[in-house]
Structures are given as structure tokens and as C-alpha cells.
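Numbers here are sequence positions counted from 1.
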Amino acid sequence: MSTFKLSSLALIVLIAFSIWSSSLLETCEARKGKHHQWRKNRGVKRDYGGHHQHHHPSGHTLSALKSDNYITPEDIAVSAAQKNSAVYNVLDYGAKGDGKADDTKAFAAAWAAACKVQASTVTVPSGSVFLVKPISFSGPNCQTDIVFQLDGKIIAPTGAGAWGSGLLQWLEFTKLQRLTIRGKGVIDGQGAVWWNDSPTYDPTDETADNSTEDSTVDSYSGKMPSTKPTALRFYGSNGVTVTGITIQNSPQTHLKFDSCTNVQVSAVTVSSPGNSPNTDGIHLQNSQDVVISGASLACGDDCISIQTGCSNVFIHNVNCGPGHGVSIGGLGKDGTKACVSNITVRDVKMQNTLNGVRIKTWQGGSGSVKNVMFANIQVSEVEFPIMIDQYYCDKGHCANKTSAVAVSGINYVNIQGTYTSKPAQFACSDSIPCTGVSLDTIDLKSVQSGRQLYDPFCWEAYGDLKTNTVPPIDCLMKGKPSSSSSTVQSQGGGYSC
């Protein structure tokens, strides 16, 4: 009897153990299946705002949602990588890139998204042509360190309707911190319609397509506005870098920096015909701490123009031509005060330009240009390699005025090559002569071998000849002007900056 009881008890225990084991195994399988399903979910692609998805080599989308609150170290690393490399391709925001449809809204949308993310990148991909109307990519509420990666081509509209009564710029970046524009792409202002005497829309232009609502930028004719826009302008920004891109055929100035600091321009190409009017290459105004290097500039006006409010500008290893050379000014127009200081231009080649290195000021202005160095300038068939003109006038007649922008501390070192008109001209103010003009190793020869076209010219110019010059520039007066000129210069206090 006892044996039966023990056997029955053992059987009951065995059955209970079997039931418990089966339940445990089912639970484990269920958990295994749940974990497997989470792993599968990691491969699901999710779209947040239309920007590019970044993929891990395993094939999983890095921006996929995680289910069931699983967070791994890999997830944390992925999130950090997304923040540091957010890319916003204009094609993902509706740009057609066919050179016909209006892609302005797509560019604006991509910028608006990138603006919210530090160190983000707006991509304009290669292989596409984007027709973009006037647009401003603006801060100051944008994050810092945004990159505008330009590898495709952006073209301006050629119909008058896109420009209203006239705009001062086409593409504009304003009030940004540490912005970079880079790439191998092209900005084409299609300026020929502006340069003609009576520019009108050409109905045979293949870039015009009236088949859709988004393609009406060039759909109506009419004379272009008298105000011509700058192709690419930066305003009120700090830490701007522009590198690698090409800007061509601007209606007016190609690249402008206004009220900017810490600017770096490198390996930029500017291209427009030598007879295109007022198409400066690079224009600086009210900007400080600027470096321009490795640029190739061909245009119809100044290759580089330095205006009032500029200081600590370093220009080197630049090719210029055709164009009007490198100019400081015109300064002091309409009686304004102009201040320019600490400018260095060196290692520059100029080919078939109107001027070489020039300072030009209007009569009647005030302020000063001081501490300027022009060094290692190679000129070839340049009309006026060296020029200071304090009687600048771009119209038929300008009235004589007593006041002027003071010019001092101007140094010329190793200026060599050939000229086609006059090797050097220093036309300085009667009341405020140029002072501290220094000439060292000047060797300029006429393109007509053995024949000097015009002699160097000096008027109220004072300074020093550090070496003999070719041709001799004997007209430069030594020392400083008389006390009467100094008195006139100091009266009113308007000449200091």
C-alpha cells in the first residue's frame, strides 16, 4: 500500500514538472519571437521631412524608429552621427533640375530644413540645372556651420517678370555664422539679356517652358529693369568661406561681401566677357579680415573692388584679365566719408586689363586710404599698371572740390611687365596731396619695343624711390608736402578714420 502511495506521488510530481517545463518553453519561444520581430523592424525605412536617409553598411536605415523602447549604444552613436551630418538635397524637396521648371520653392524648403540643424549641408547635386528666381537664404535664427554644397548648375531667369521693378541681388546669404559655399558647380547669371542696350525676352529661348504653372519664370517678354542684380551676395555674416565654385555672366557684380568679417575666398572662378558692363569680379564693402587666394577672375570691370569700410584684406595668387585690375575705390562719392586700411595685394598676374593696381577717389569726399602694399605684380599688355587718381569721375563732368579722401602709406614693390599706354600715374589732390608713396623695383616696358608711349605722370605726390625704376619716375617728390597742405588736411577733422 505504501509502495502504491509512493508511486502515485512520484507520478503526480512528474506530471506537474512536465506541465511547468512546457509553459516555460512556450514563454521563452514567445520572447525569442518578440526580439526577432524588433530586429526585423530595424530595417524599416522611415522618412522625416524628405531629407536623405543615411544607411549603415548592413542595410539598416539609421533613422528608423526603434520599437519597444530598446536603446543600444549603437542607437546613441547613430543619433549623434545624424545630427553632425544632416544632408538636405534640393531634389528631395521637389526641385526638377531640368533648367526649365522654377526650383525656387524647393531651394527655400531645403534651406529652411537645414537652417534648424547645426553643421547641416544643403546639396545642389551635379548633373542637373536649376532655374532659381531671386532668393535670400537668411539668418539670424539659423544654426551655425551650415554648408551649401554646390556641384550642379544654378541659372537665373531671363524674363523681366521675375525681377519686378529691379533688385540689387539674385542669390543672397544674410546674417549667418560660419557659412561655407563649396563645390565644383556653377552659378550662371545669364547676364547677356541685361547687357544689351534694349534687352528683351527671347521667345525662342529653349529654357522657357510654359507648359506648367511652375515654369512661368521666363514666360513673358519685356525690357529688363534698369537696376541690375549682383549674382551672389553675402551680408552681415561672420566666418564666410567660398571655395571651388564658378560664377559666370552676372548681370552686374559677380560676388559681393557687404558688412562681413572673417571671409575666406579660394579657388573661385569668375567669367564674363571683357565688354560686359559693370561686371566686377569680387566686391568688398564694409568688410574686415578678408583673404582672397587662388582665384581666376575675368570680367568687364574691376577684378577685385575694395570699397569703404574695408580693412585687413589680403589678396594673393590671383589671375586677373580681362577686366579693370584690382582697385581700391571709387571712394568719397557725393561728399561721403571713406575709410580703407591695411590692404595687401601680392603675387597677382594681370593680362590685357585696363588698369593694374589702382586707387581712385572722388573730389569732395573725406576719410583716408592708408597702409597699402602692392607687391609682386606681373602685368602683361596693361594700359595703366600703376595709378592713383584723386580726380575720379565716371561721367562727362565733375565739379572741382577742395576736400578729398587722404591717401598715404602706399607701397609698390616688384611691379614688372608690359604696358600699352602709361606706366604710372599719380594724380593727387591739390589740397590733400598723396604722402608716403614708396616705389621699389619697378620695371615696366612698352609693348612697342623701344618706344615709350607716355611718360609717368605725378601731381602732388610725395614719397620715396627705394630703387631706380624703369622707366624713371622722377616726378615723385621726396619727403612730405608743405605745412600749408598739412593744415588744410587737418582742418575739420574729417580726414581721420
Item to complete: Return yes if some donor-acceptor pair links the side-chain N/O of T353 with the main-chain N/O of N355 below 3.5 Å, else return no.
Response: yes

Worksheet entry | Salt bridge present between K360 and D302 (N-O < 4.0 angstrom) | yes

Item to complete: Could you check if a side-chain atom of C320 sits within less than 4.5 angstrom of a side-chain atom of I304, using non-hydrogen atoms only?
Response: no

Worksheet item: Taking atom types as modelled and ignoring hydrogens, do the side chains of R182 and T243 form a donor-acceptor contact shorter than 3.5 angstrom?
Response: no

Fill in: Check: L232 and I245 side chains under 4.5 Å, non-hydrogen atoms
yes

Response to the item:
On a heavy-atom basis, the closest approach of C393 and W362 is CA-CZ3, 4.1 Å

Discussion item. Please find the pair of heavy atoms, one from S272 and one from T279, that lie closest to each other, and give the distance.
Written reply: OG-OG1, 3.5 Å

Worksheet item: So, do N400 and Q363 sit near enough that their side-chain heavy atoms are less than 4.5 Å apart?
Response: yes

Worksheet item: With distance as the sole test, does S237 use its side chain to make a donor-acceptor pair with the main-chain N or O of L176 at under 3.5 Å?
Response: yes

Discussion item. Which heavy atom of I473 sits nearest to which heavy atom of C458, and what is that distance?
Written reply: CG2-SG, 4.2 Å

Practice prompt. Using the side chain to side chain contact (heavy atoms under 4.5 Å, CB included) rule, take R346 and V413 through it: C-alpha gap first, then chi angles, then the decisive distance, then the call.
Written response: CA-CA 9 Å; R346 62 177 303 135; V413 179; over 6 Å; no

Discussion item. Any donor-acceptor pair under 3.5 Å linking the side-chain atoms of D188 with those of Q248?
Written reply: yes

Worksheet item: Looking only at atom types and distance, does a side-chain atom of D151 sit under 3.5 Å from a main-chain N or O of K184, one as donor and one as acceptor?
Response: yes

Discussion item. Between K337 (side chain only) and S496 (backbone N and O only), is there a donor and an acceptor less than 3.5 Å apart?
Written reply: yes

Discussion item. Side chains of Q169 and T230 only: does a donor on one sit below 3.5 Å from an acceptor on the other?
Written reply: no

Fill in: Distance in Å, N376 CG paired with K349 NZ, rounded so as to fall on 0.5 Å steps
11.5 Å

Worksheet item: Under 4.0 Å between a Lys/Arg side-chain N and an Asp/Glu carboxylate O for R233 and D258?
Response: yes

Worksheet item: Can you find a side-chain donor-acceptor pair between N238 and T261 that sits under 3.5 Å?
Response: yes

Discussion item. Nearest 0.5 Å, please: how far is CG in L444 from CD1 in I377?
Written reply: 11.0 Å

Worksheet item: So, T121 versus T123: side-chain donor-acceptor pair below 3.5 Å or not?
Response: no

Item to complete: Would you sort out whether V382 and N352 count as a side chain to side chain contact (heavy atoms under 4.5 Å, CB included), showing the intermediate values?
Response: CA-CA 5 Å; V382 171; N352 296 114; over 6 Å; no

Worksheet item: Do I328 and F374 come within less than 4.5 Å of each other through their side chains, counting heavy atoms only?
Response: yes

Item to complete: For the residue pair F173 and F137, categorise the inter-ring angle as parallel (less than 30°), tilted (30 to 60°) or perpendicular (more than 60°).
Response: parallel

Worksheet item: Checking Q190 side chain against A156 main chain: does a donor-acceptor pair fall under 3.5 Å?
Response: yes

Practice prompt. Mind checking the NZ-CG spacing from K422 to D455? Nearest 0.5 Å is all I need.
Written response: 9.0 Å

Fill in: Q390 backbone acceptor or donor facing S429 side chain under 3.5 Å
no

Practice prompt. Please tell me if the side chains of P125 and F130 come closer than 4.5 Å, counting only heavy atoms from C-beta onward.
Written response: yes

Practice prompt. Kindly indicate, with the supporting measurements, whether the criterion salt bridge (charged side-chain N to carboxylate O under 4.0 Å, His left out) is fulfilled by D102 and K133.
Written response: CA-CA 7 Å; D102 178 8; K133 292 190 294 186; 3.5 Å; yes

Worksheet entry | CD1 on I187 to CD1 on I154, rounded to 0.5 Å | 5.0 Å

Discussion item. Checking E381 against T420 for the side chain to side chain donor-acceptor pair (under 3.5 Å) test, could you report, in this order, the C-alpha distance in whole Å, the side-chain angles of both residues, the deciding distance, and whether it holds?
Written reply: CA-CA 6 Å; E381 299 184 33; T420 62; over 6 Å; no

Worksheet item: Where the side chain of H324 meets the backbone of C303, is there a donor-acceptor pair that is under 3.5 Å apart?
Response: no

Worksheet item: Counting only N and O atoms by type, is there a donor-acceptor contact under 3.5 Å from the side chain of Y412 to the main-chain atoms of M373?
Response: no

Practice prompt. Assess whether side chain to side chain donor-acceptor pair (under 3.5 Å) is satisfied between S136 and E172, documenting all intermediate values.
Written response: CA-CA 5 Å; S136 179; E172 180 183 44; 3.3 Å; yes

Worksheet item: Quick one: CD on Q177 to CD on Q118, what's the gap to the nearest 0.5 Å?
Response: 11.5 Å

Worksheet, complete the sentence: Distance col, row I359:CD1 vs L331:CG, nearest 0.5 angstrom, shows 9.0 Å

Worksheet item: Between V326 and V318, is any pair of side-chain heavy atoms under 4.5 Å apart?
Response: no

Fill in: Among V290, V265, I292, the one residue meeting side-chain contact (heavy atoms from CB on, under 4.5 Å) with F257
V265

Item to complete: Classify the side-chain pair Q288/N312 by whether it contains a donor and acceptor separated by less than 3.5 Å.
Response: no

Fill in: Y391 backbone acceptor or donor facing D389 side chain under 3.5 Å
yes

Worksheet item: Is there side-chain contact between F107 and V122, with heavy atoms separated by less than 4.5 Å?
Response: no

Fill in: Expected output: side-chain Q143 to main-chain C115 donor-acceptor under 3.5 Å
no

Discussion item. Check this for me: N468, atom CG, are more than 12 non-hydrogen atoms of other residues, nucleotides or ligands nearer than 6.0 Å?
Written reply: no

Worksheet item: Would you call F148 and L171 a side-chain contact if the rule is heavy atoms closer than 4.5 Å?
Response: no

Discussion item. Looking at every non-hydrogen atom in both residues, tell me the closest pair between P229 and W163 and how far apart they are.
Written reply: CG-CZ3, 3.6 Å

Discussion item. Taking the ring centre of each residue, are W111 and Y93 less than 6.0 Å apart?
Written reply: no

Item to complete: Please report the shortest heavy-atom distance between N278 and Q252, naming the atom on each side.
Response: O-CG, 3.2 Å

Worksheet item: Where do V132 and W170 come nearest, in terms of heavy atoms and distance?
Response: O-NE1, 2.8 Å

Discussion item. With no hydrogens and no angle check, just 3.5 Å: does a side-chain donor-acceptor pair link Q307 and S305?
Written reply: yes

Worksheet entry | CA sep, side-chain torsions, deciding dist, call: Q416, V470, side chain to side chain contact (heavy atoms under 4.5 Å, CB included) | CA-CA 9 Å; Q416 301 191 34; V470 177; over 6 Å; no

Item to complete: Please lay out, stage by stage, how V313 and L284 fare under the test side chain to side chain contact (heavy atoms under 4.5 Å, CB included).
Response: CA-CA 9 Å; V313 176; L284 306 177; 3.8 Å; yes

Worksheet item: Any chance the SGs on C497 and C339 are under 2.5 Å from each other?
Response: yes

